[in-house]
Structure formats: C-alpha cells, structure tokens
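See below for the structure under consideration.
Values below: all heavy atoms of this structure, side chains included; hydrogens, waters and symmetry mates excluded. Here the structure is a predicted model, which means the values were calculated and not measured. The sequence lines fix the lettering, A, B, ..., with proteins before strands; numbering per chain opens at 1.
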Protein chains: 2
Amino acid sequence: MRDMTRLHDVTLTPTALLAVDVVVFTLRPGPVEQSWQVLLIRGQESESSAQYALPGVLVEEDETFDGAARRALSVKAGFDAHDWYLEQLATFGSPTRDTRARVASVAHIALMRSDDLVQQSMVAGTSVEWIPVASIPWDALAFDHAAMLREGIQRVKGKIRYTWVLFQLLPPVFTMSELRAAYAAIRDPEVMHLSTSNMRKLFGRLIERGVLVQVGERAQAKGRGRPGDLFRFSGPVTGTWARELPW
Amino acid sequence: MRDMTRLHDVTLTPTALLAVDVVVFTLRPGPVEQSWQVLLIRGQESESSAQYALPGVLVEEDETFDGAARRALSVKAGFDAHDWYLEQLATFGSPTRDTRARVASVAHIALMRSDDLVQQSMVAGTSVEWIPVASIPWDALAFDHAAMLREGIQRVKGKIRYTWVLFQLLPPVFTMSELRAAYAAIRDPEVMHLSTSNMRKLFGRLIERGVLVQVGERAQAKGRGRPGDLFRFSGPVTGTWARELPW
DNA sequence: ACAAAAGTGTTTCTCATACACCCATGT
DNA sequence: ACATGGGTGTATGAGAAACACTTTTGT
C-alpha cells in the first residue's frame, strides 16, 4: 500500500492460490423451518462423494475479493449480485485442504432478497439448488465447505440480533408479520408467538428515528384476516440497534 | 480436503503470497483512558513515513495461519504466545496493497494477560512498543495496518459485550473492581461509575453457574480502602452471556 | 478518628412479556 | 355471521440503575 517496511529480505515468489467461496442466504415463503435457505451447487463430477459445493472461483490478478465473490455468483449461479449485501466471513487455508497446491479461500456471506429470484438459472453442467438451512447435506459437501457453512450460519444468526442486516433479506416493502417471520426463520421459531403489539413496541424506536418508515398503505390481503401495514427500511445497511434485541 | 470437485480445468500455478499480521491487545495498570494498549513494532527503515507496523510474517509452506500468527509474535516481538487467545480477524488482500507481488494478509487478534509481560523483549533491530489504543499513530502505520487495527478494535469492543473473552485479558485471579476497570477501559470509561453492588448482581448469574468462582481470600490491600474479594474465571474461553451485558 | 474502597440491601423506574379488546378482510 | 389475522392499549413482572448503609483497610 504505502511502503516496503517488510519482506525486504525474502523472496517474493508466489506460493499460494487465492480463491473465494460464497455462502448465499435467502428467505423464501413457506413453513418457518424451511424458510431460511442457502445456495448450493450440485456438481457433475459424480464419481466423488462430494455432490454439493459452495459457489466459488479463483481470484484473478487484479481483482478484489469482493469482485471475485460477485463474479462467482454470476459464473456459478447466474445471478447479478452487484447490489447484494456481501461481507467477508473468514479465510480457510489449512495446508492440507487441497492436495494439489496451497489454496487459501476467502469465504464470504451474501444475502439475496427473495423477490430477486426472478432470474433463477441453470449454468452449463451444474445446477443451482436452494436448500433449507435445517436440511443441509453436511456429509456431501466438497472441501471444507461444511465449516464455511457452519460459520456463515452462526454469523448471520448472531448478526441479525444487533445489526440491521435482516432488512437486506426482506423485500423493499414488508409488514410486521413478515419481519417477525424472517426473524423467526433465522433465530428461533418461538419468536412467531410474539404478538404484533410487542413487535411494534420494540421496533417503535426505529420508527420514531425514521429508520423504519410506514408506507401509507396496507398489504394485499392474502387469505383471511386483515392485511398488515406496510413499512420500508430507510436506514444504513451497517446500522445497529441501541440495545440487542431480546430474542 | 476431500476431493477435486473444482479447479479441474485451471492451472495450479501459485499467484500470491500469504502473510499473517497480528493485532495484540493487553490491559495495563494506569489511567482508564490509557489502560487498553496495542503492540506495534517500530521498524528501522527510517527513510519512509511508516514508522510502525503490526507484527507479521509470511506463512510457510506447511504452516497453519494460527501457527504463523504465533510465530510472528515470537519472531517479531519475542513473546511465547502458545497459550494466548488468538482468533482470525479478516483477510486483507487488495490487489494494490503491495507493489511487488500479490500478498494476502490474514489478520488476527491476540489477547495478552498483562502479567505475562515479564518477558518483554527486544528483537534485533526492531523495538516493541505498547501504545494506548486512544493514541495510535494512525498516519505512521505501514501497509493497510490502520484498517486492520480499526477492525480489530471494533471486534474486541463488540465481543466483550456478549462473550467471555474479557477474562483472557485479566490475570488468573482478580477483583470486581479490576473487572469493571477492564470493561471500562475497552468499552467506555462511564462504566467506572457503576457501583460494585450492581456489578455483583450482574455477574451473580455467572457466580451461581460456577463460571466465576470466589477464591476464599481478599486481594492485597493497595493504598487506602478495603481490598476486594478475589474471583477466578473457570468457564470455557468461547462462552457467552445468556443476554448481552447492558453496557 | 477519618477517608477511601468494597460489600449488602432496598427503592425506583424502564422495558419485555402477557393479555384483553377493537378493526379489517375473506368465506 | 364468523373465523382469522392485524392493531391499540393496559397490566404484570423481571431486571437495570440509583441510593442508603455497613464493613474493612491505611493514614
């Protein structure tokens, strides 16, 4: 970056390859237990026991990790992820993780709004599958992708409790019920038992501060019952609650 | 790790170098504002503006990141860090961070108990300095070490609030006052105004669960005032509070 | 004896949870 | 009409914060 305070006495011959892998999460309509889903790629190399892998690519010479991760989503899954929430998770680089060369993979997590799903696609020879987090085929994952998934799941579970990333998984406009359902799907189905009354009280602070804006309309009624008021999130992606949410 | 589901169609020529850098924190006696300190290496290459750097080394062929990080602490600062708390922070690998080659550095944070400081040392040509976090020379840091420090500081500040890592910075036996002071030094000096009464009530849960054990003795009296009861932490390093601490 | 630091117990107030009741929509 | 889901307001209980008072040390 700025100077050469280090490495002056060593060779600069490259010794490793850099890769990125992405754990993509989304929320889909359906039963709470299956709503939170992750994207896996089913490979065509059927001779091995590893049927599933995370989307990943090798990092190119002049490419940032962020750029490589978004390219992986494009190349491996056919998604245009240029405006998705993306954050670095951790780097996996055990000397033995790949037998052919030292490969360090910088794992990321990405959050896709379920209504972006219009584009679902099929990429030459591989197929893209959304799997509920509750039923991940842990034993059929390539490389150390199981460890990446475990860490990614923990990261998201923890982070929705004190930051505003949850809104990156919701559509632009949503009801309190949808917000509660999103929370329940990721953290704990028990949250579904919370009354809308208490939800509003908790999120009332955000409404006062203008982070949640009530759009002047009601949602489309679906099925029986009164449709809920619609809200729009207008705060910074990186924002946090003053206090951690109680559940 | 397990098979070859990927990379089958690309060359495996190494293109990058792997490094580790470590942000080492400790707590030292003294005024609250200067108690939380970080380790910086003052380099001898005085021609450049970057006077300070984090301890770091290149990762060797058969070395884990964890191993390389502990070696960096040994080689660059003369510490035996084999039993220190060490965790991966993030990987910094901008294509332009080093002009000579693509170097990806896996940053770590390490926590040193201040009473381990017996070993303080001097390594050939470089000098090890403990700098209060409040007075880091941001403009005199090599590479992207300023970014690493910023992230490291945020990580620790956040993590002491919901995990038990704070105890990794305290001596094996400590008083409630020392615990409060440690918290105050990292999070907010305001915490110093909390009464010991309220502290005990908050940590009372931990005492009941046996995570904090009251050693049957009082601390050495220093100066005026009654010495505090001594406690010992006996929980898992990775433990978390049921609820986030209120401050 | 007094100041300073630590321990114990009580009071107050905030806020999470629970509950009772009203509103809107589809069958 | 009634069942179902959403919204409003109130009551209850847990716990954080504040405070008054006692205990132990050094000067």
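Pairs engaging residues 226-240 of chain A under the salt bridge (Lys or Arg N to Asp or Glu O under 4.0 Å) rule: Arg200(A)-Asp229(A), Arg218(A)-Asp229(A) [sequence neighbours left out]. For residues 165-185 of chain A, the pairs satisfying side chain to side chain donor-acceptor pair (under 3.5 Å) are Arg113(A)-Gln168(A), with sequence neighbours left out.
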message = Output one letter per nucleotide in nucleotides 17-27 of chain C: B when a protein non-hydrogen atom lies under 4.0 Å from the base, S when only the sugar-phosphate is that close, - when neither is.
response = BBB---BBBSS
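Within the helix from dA1(C)-dT27(D) to dT27(C)-dA1(D), the inter-axis angle between the opening and closing five-pair segments is 0°, rounded to 10°.
Computed from coordinates, the Asp229(B) CG to dT23(D) P distance equals 15 Å when rounded to whole Å. In this structure, CZ of Arg180(A) is placed 10 Å from P of dG5(D), rounded to the nearest angstrom. Rounded to whole Å, the distance from CG on Leu230(A) to C1' on dG6(D) is 12 Å. The distance from atom CD of Gln214(A) to atom C1' of dT8(D) is 13 Å, rounded to the nearest whole Å. If you measure from atom OH of Tyr183(B) to atom P of dA16(D), you get 12 Å, rounded to the nearest angstrom. Taking atom CD1 of Ile207(A) as the reference point, atom P of dG7(D) lies 10 Å away to the nearest angstrom. When rounded to the nearest whole Å, the span between CH2 of Trp241(B) and C1' of dG15(D) equals 17 Å. Distance CD (Glu190(B)) to P (dA17(D)): 12 Å, rounded to an integer number of Å.
Of all heavy-atom pairs between Val23(B) and Leu149(B), the closest is CG1-CD2, 3.6 Å. Across all their heavy atoms, Ala77(B) and Val128(B) have their closest contact at CA-CG2, 3.6 Å.
Aromatic ring pairs are classed by plane angle as parallel below 30°, tilted from 30° to 60° and perpendicular above 60°; the pair Trp241(A) and Trp164(A) is perpendicular. Note: Tyr162(A) and Tyr162(B) have tilted aromatic rings, judged against thresholds of 30 and 60 degrees for the angle between ring planes.
Contacts between residues 169-177 of chain B and DNA chain C, defined by a heavy-atom separation under 4.0 Å, are made by Ser177(B).
When the nearest nucleotides of DNA chain C are assigned to Arg200(B) and Glu244(A) by heavy-atom distance, the more 5′-ward of the two goes with Arg200(B).
The CZ atom of Arg70(B) sits 9.5 Å away from atom CG of Asp80(B), with the distance rounded to the nearest 0.5 Å.
Looking at Arg187(B), its side chain does come within 3.5 Å of a backbone N or O of Lys157(B) through a donor-acceptor pair.
Partners of Phe174(B) by ring-ring contact (aromatic ring centres under 6.0 Å, His included), not counting sequence neighbours, listed by chain and number: Phe167(B).
Of the charged side-chain nitrogens involved, at least one lies within less than 4.0 Å of a carboxylate oxygen, so that Arg155(A) and Glu87(A) count as a salt-bridged pair.
When the shell of 6.0 Å around CD of Gln214(B) is examined, it contains more than 12 heavy atoms from other residues, nucleotides or ligands.
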